[in-house]
Structures are given as C-alpha cells and as structure tokens.
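Some notes on the structure that comes next.
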Amino acid sequence: MLTWIRTELYKMTRRPRSYIGLGAIAALVLLIEFAMYVDGEDYLKFILQQLEAYFTIEGNVLNGYTVCFVILQTLILQMPLLVALITGDALSGEAALGTLRFMLATPVSRTGLVLAKYLAGSVYVAVLLLFLGVLALYGSMALFGTGDLIILKSESLIILKEADIHWRFLSAFMLAFVSLSVIAALSMMLSAFSNNSIGPIVLSMAIVIVFTIIGSLEFPLFDSIRPFLFTSYMTVWRDMFDDPLQTSGIIRSVLVLILHIVVFLSVAIFHLNKKDIQV
Amino acid sequence: MSEIILETKDLTKHFGTFHAVDGLDLKVSKASIFGFLGPNGAGKSTTLRMILSLIKPSSGTIRIFGQDLRTHRPQILGRIGAIIEKPDFYPYLSGIENLRLLSRWYGLRPDARKIDEMLDRVGLSGRGRDLVSAYSHGMKQRLGLAQAMMHDPELYILDEPTTGLDPKGIIELRELILDLKRVYNKTVILSSHILSEIELIADDMVIIDQGKAMVQGPVKQLLSDQDLSVLVECDDTQKVKNILDTGYPGSSSRILSDQVIEIGMAHDKLPVLAQSLVSSGVLLYSMEYKRRLEDYFLKLTQRAGHADLDQN
Amino acid sequence: MIRNFVCGIFLFVFLSDLSGQTADLSMEQVSREFKKLKTFTANIRMEFDIPYVRLEPVPGKLYFRQPDDFRIKTEGIAFLPKQNPFYSMGLLSDPNSFTLIDLGSAKIDGKDSRQIQMVPKSESDIVIGKVWIDPQRKRPLKFELTTRQNGTLDITYRYQPSNSGILPDEMVFGIDVGKFKMPKALTAELNSTAKPVKPQNGDTRGLITLKFSGVQTNLPLSDKVFK
C-alpha cells in the first residue's frame, strides 16, 4: 500500500495541476498579509466599529494571530475547490487518460487503488494545510508579531489570550484537515462514477456550494435539514476558538465528518469493484 | 498436447440485452502465438478485458495458469503483460518515468539499466527522457510494449499492437513477438486487424463473431483445406485461363490485365499447375498468394461489409 | 396667604442656597484632594462582565498626570470605557461649570455619603450627573453621568478599610454596551452548528472593573508614556 501511495504522490508532484493549489494559497495569503500590513488598522476599525461605539479597545489587535484567523476565514471556504481539483480527478482522470485500464489490469486490487489514491489525496490536503499554516500563521506572526485574538461571532465575541492561541491554531488546522478530507472522499466517490476529468470536480464544488448555501440560509425550513449536511460540520475548525471549548460538539462534528469519509469511500470502492472498465 | 495456459469455458458477457460474448470456449497453449480475430463489435475486446479482469463476466469461467481468475486475480495478473486497444501513459512524465511508475503496480523497482534495455528492445533508445506528450502514436505503442515486458510476464495480451506503427515498426514487432515465443518461451494472445500478420506468425487462432467462436484451432490446419487465391504474372494470361478451364475442373480464374490473372484452386494442386504452365510454354514471372486468411475470414464472417480489413 | 407664599419662597431659596453651598464645599474638598496627586502610576487588573464578550482579566499598568493625561498599557487586549477613568474626578475640579444640588445623604455599598446632583450650566456632553461623596474621607464613592454620546455611565469607587487616600482600590464602570450583532457572512459562521457561547438575554449593561495595586504617586512621568 505504501508503494502505491508513494506512486500516487509521485504523480501528484509531477502534475502541474497540483501546484495550482499551492500557488493560489501562496498568492492569496501573501496578498492578504500585504493588505493587512497596509490597511489592516482601517480594516479592523471597520470590523470593530460597532464595539468602538462603546469601548476603547486597548492592546495589539492587529497581530499575527488575527491576520492568520482572517486568512483562514477567507481561504478555508475556497479550499475545497483546490482539494477537489486533485482528488476529483483521481480516478476519472486516469479513466480519461486510459491509464486506469492499465492499473486495474495489474495485481493491484480496486479497493487498494481507491484507498491508495484517497490516502495520497489526504497527504495532498495535509501539504496544502501545512503550506497554508506556515505562510498564514508563521508568516503573519513574523510580520505582525503576536497578541490576543478577538474572535467575532454573530452575537458575541471572545478574546483569547496570546498564550492560549497557538495550540488552538494547530488543532484548527487538524480539524480543517478532517473537513477537507471529506471533500477528498466526496470527490473521489464522484470520480469513481465518471470517465471524464472535469465532471467530478465541478459536481463536488456544486454540492459544497449548494449545501453551504442551504446551511447558511436562516429559514426555519432548513433548520431540520442542516444537521444532515456535511458542510455544517466543516466549520468545526472554528470551534477551536470557542471559550470554553465545546469539546463534545467538536468530537461529534469530527465523528460525523469521519462517518462521511467512510461512507463516501465505501461507495467509491463498492462502485469501482462492480464497474466494468470499458474505456 | 501442449500445456493449456489459458482456458475459458462458456464465457458470457451481456450488457443489458446485448450479448457481447456468448458462451465462448477458448484454449491457449503455452509458448504459442494465439491469433484472436473477429470483425469490429465481435466481442474481442470484451473477451480480452474479461481475461484481464477489467470486465466481469456475466457467467462462465476463466482459468489462467491453471488458476481461477476470480479467486487468484492478483497472482494471475502479476504474470500477464498487456496492451489493450491503445497504450496510454501520463503525458507529463517521460517514457522512463512512465515505465518506472507503472512497474511499481507490479511491485517492481526497475533500475535504469533494465529500463534502458526495454527501451532498446522496442526501438526507443535515446527517447526515454522525452515527455510522453511529445511521443507519436507509434512511439507510444512501442513504449506500451516495453511496459508490458517490464515485469517479464509469461502471458502477453496484445490488442492491436501494430496500430500506428510504420512498416519497419511492424516488421520489428513481428520479430519481437516471434522472439517472445521462440527465445523466451512466452505465450502471446494477439488480436490484430492485419490478418497477414496473424497468418505469418500465429500458431493457433480463433475467429469470433457476435460473441461466438466461429472456428478455433491451429492456423495451418484451418487454412490448408481452403482454396488459394493466387496472382499469376505471365506473358499470356488467356493461355493460362484456357489451361485452367480444360485441365483443372473446379478451379476458377479471372484475367486482371494482359499479364496478370487471378486463379482459385486447391492448395495441393498448385505445384502441378506451375509445372504444366511452364511445360506449355507460358513464361511465368511470378506466382503470389493472395491472403488466405483474409479470404477465410471474410467467408466465415459473411460480413465483409463490416470486416474493416487493413489492406496493407 | 401672600405672606406665607413669600416666606415659603424665601425659605426655599435660602435652603437651596444652603444645600448648594454644602455641595460646593464637598466637591471642592474632593477636588483639592485629587489635585494633590500630580502624577500616579499603578498596576491594574481589569475584569470584564459584558453580556456578549468573553474576556479573561487583563493585567496592565496605569499612568496618570494632571490634569487629564492618561494611559493604560495592557498585556493583551482590553475593553475600556471610552472615557478616561479619571474624567469624573476632573469634573469635580471645576464645580463652577455645574449647578450643584445637595440631595442629602444616601448609602453606597453600606457607607454613608452625600448625594449631589450636577446640572451643567452650559451645553456640554454631560446632560446630568450625580455624585456620592464620603463626607468623612472627602472622596467620591460613586458617579452617575448621563452623557450625550455614550449614554449613562456609572462609576463606583471602592476602598479598602486601610486606604485613607483619594485613589480607590477598585473602580467599577457600569456602561451601556448596546447589542452586538454581526452578519454571519462577516464572521464566517456559515453552516456552523455551534451555539453562541454567551447569549445576550437582552441585557445591555456591562461592568468593567479596574483593580489597583502598587500605586505610586507624584513620580515624574515623561510625555513619552502618554503617546
């Protein structure tokens, strides 16, 4: 299995498409950091204007942690696309290329192939997040220093102490990894049903967008649907910035996400094992 | 009787109501070249894909190397090298990288020497470092052969391996396939539209149509009972025609030009005819077989319209 | 009847003037005490009880220089009242700006105090004010100010029994903090199933407590401190 994963990773490293995600992240993070460096004070003033009607806010609000949080909020919604771009293509891209035919005529089991590709996809997700983490967290810390972090919620705000933040970011990145791994599994599943490269990528994104919109529209009708949308649990990374931590809620979200991964992969494996390779 | 390396029994595949393969029984002997023929849509590709476990049979069994494919899939596939329809590679990798990568699926980690050797055998020396995206179809076909040979399989399944090759490439491939059998004792299942190639190198063959085997057996035996179609180049075609009409009942002839006549007659009567033409004073410049297999194939399938033969 | 009315008016004016004079005196005494502090610094610990904010206590250092230079350096983010905490003390130094009415004695935190109404004589941010002064120790116990810009603010001064100075050990600011509502798109709470940590329950009053320790008075403080 390790050899297969390494083989998949090798292909990823050689595909120009794999670097789109890294390039997009680098560009966006550096752009946001630059913008925050230039206009950060005004930006925060705008965000905090409601509070500044009542308070004088003392302390270094514009710090590396704040900037990193802003970056995460901005980018994490877009990252499913970057993940689907790679994993949505994993099986269907090989089918379109004709190489799937070759692979499935080798001793490799179809189940093993799906798992190897999924695990390689997960490594890619981890690399994306690690890259994002290094640039967004450590880059911002280097540029803006550290300080307390104001977490704005729709009806409240939490100020986290500087000493209490770093581990939260690391945990948030890990939770983001689980969330994005669901996208990897989803797009892999769709990829197993398709013989063209683009379809599963587009469909994955369409599902994420539709679910996100349904989840964010505050109609009572959607309240009963929301718990059944996996996207509702993908913002679990943000829960790491709650105080006190709602541990049971986080664990529940992670379990729901893992359940989705298992279901999506099982469907992919089941379908691929049944599928006649005619292309 | 030589050892049977591949055997299918009542192999059937239907897609909905369409029977692509219908109760096919095949036997392929070890260290032989097995021609696998049939018109387009006859079920060749589906059969080969079933043998490679790409398509699941609706019913019937496939035994390869004495083992059931369903229960010993990894062991069996590890001993087969294949090109199905067209060899496909990762265009963003070089030929060498493709070979190295694809070998890993067989659990191999080939060194540079082994890869160079394979590239040399298929005539791609010096082109291994080029990106596959820059390869011509013929080069990809050669690379496909190299890939099929990388893990030194016992059984080769080559589906249309000559597609895209130039005449020199076709001759080289023919030699390579013959070498696989003669020198390395390998078995080759060869599906090709170039019937002359099959006729030249196959030991056994099957012709399938509409998913069923029309005939199966040694090529020589299957073709020996057939009338030959021979093109005779001579100085007096009318004289030849008269000799045939009077002295060889059952034969047929057709004057194609002043110097070329096509005749049809039993294989064993051909030496006698040649002798009598010479003794009658006809100046014989050449006698050339038209393809026997081609005629045989067309006759069998009765579907010349869709036989789609390559006239090379 | 007319005589009674004239006597009544005379008595009212006399008593009002008398209570005004008492209030003036109290205010002047407090102001005089406060002005004795040219500068002071103190370690502070800020505690917050704001309906929609979760913020752990923040330590910091406070710097003050007469008449109104003020700076708090915090170790982290802190939410402070918009006014200088000693703004209220500053008001006492200019009693002529207000009409002062002694409203009599009252209890603040169980202590006796004089309750003085402050009505601005001219247009100012303060609409009306009230101060409770400890008559014995000549120091304020509480302010209640209604301002045009920031609503009603109350400041309670708490002193340890051992503290005989004018600087309190603790100041509690009660301020109007309004309601807090941010669009979910801005807070990226789209799709979140997490419940609000601290529901607002309609309460719009917040308390900010400043606890002082290590007070040092009348040390020279450079301008840099206040920049």
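Keep in mind it's a predicted model, so treat the numbers as computed, not measured.
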Atom pair CG/CD1 of C:Leu80 and A:Ile57 - distance to nearest 0.5 Å: 9.5 Å

Heavy atoms of other groups near A:Glu52 CD, more than 12 under 6.0 Å: yes

Atom pair CZ/CZ of C:Phe48 and A:Phe55 - distance to nearest 0.5 Å: 9.0 Å

Residue among C:Ile208, C:Val177, C:Ile72 with most heavy-atom pairs under 4.5 Å to chain A: C:Val177

pair A:Tyr54-C:Ile50: side-chain heavy atoms closer than 4.5 Å: no

A:Leu157 side chain near C:Phe79 side chain, heavy-atom distance below 4.5 Å: yes

Neighbour count above 12 (heavy atom, 6.0 Å) for A:Tyr37 OH: no

Minimum-distance pair of heavy atoms, taken over all atoms of A:Asp243 and C:Arg54: O-CD, 2.5 Å

NZ/A:Lys45: more than 12 non-hydrogen atoms of other groups inside 6.0 Å: no

Separation between CD of C:Glu75 and CG of A:Asn60, rounded to the nearest 0.5 Å: 13.5 Å

C:Ile77 CD1 to A:Ile150 CD1 distance, which is reported to the nearest 0.5 Å: 4.0 Å

Any side-chain heavy-atom pair of A:Lys161 and C:Leu55 under 4.5 Å: yes

